[in-house]
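Everything quoted here is computed from the prediction, not taken from an experiment.
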Amino acid sequence: MENQTNVDELSYREASTELEHIIRNLESGDMELEASLKSYTRGVELLRSLRGRLADVEQKVSVLMADIDGNDALQPADAASTEDKPSFL
């Protein structure tokens, strides 16, 4: 975990895959406390980044889907949660 790529440099897929790997490792219960804390911290960082990226894409899609009159052609969706505590833990 020492030479981790900056979260902003990861593609969405890479960040998502890394987060899934972290979740599996944490759920296994086989990690030492210090390693678990580092993994949890990295997971929160990845989750925040992924949620932010999704929110940005949702906004862009909403703008692109606006009709000629300026009304949204799609029903607005609930924005991604930005709470600090990940729901997976």
- Would you mind reporting whether T41 and E45 have side-chain heavy atoms less than 4.5 Å apart? no
- Item | Pairwise distance CG(L10) to OG1(T17) - rounded to 0.5 angstrom | 10.0 Å
- Query: Do N25 and D30 come within less than 4.5 Å of each other through their side chains, counting heavy atoms only?
  - Reply: no
- Message: Would the distance check show the side chain of S16 and the main-chain N or O of Y12 forming a donor-acceptor pair, the cut-off being under 3.5 Å?
- Response: no
- Task: Locate the shortest heavy-atom distance separating R42 from V7; write the atom from each residue and the value.
- Result: NH1-CG2, 3.6 Å
- Item | I22 to G43 - nearest heavy-atom pair and separation | CD1-N, 3.9 Å
- Task: Measure the spacing between CZ of R13 and CG of L50 and express it to the nearest 0.5 Å.
- Result: 12.5 Å
- If you measure from CG on L46 to CD on E20, what distance do you get to the nearest 0.5 Å? 11.0 Å
- Query: If two hydrophobic side chains count as joined below 4.5 Å and joins carry through other members, does L19 share a cluster with L37?
  - Reply: no
- When rounded to the nearest 0.5 angstrom, what distance separates CG in N6 from CD in E9? 5.0 Å
- Drop me the distance from E32's CD to S36's OG, to the nearest 0.5 angstrom. 8.0 Å
- Task: For R53 and S49, test the side chains for any donor-to-acceptor distance below 3.5 angstrom and give the result as yes or no.
- Result: yes
- Message: Donor-acceptor check, side chain of E14 to backbone of S11, threshold 3.5 angstrom: yes or no?
- Response: yes
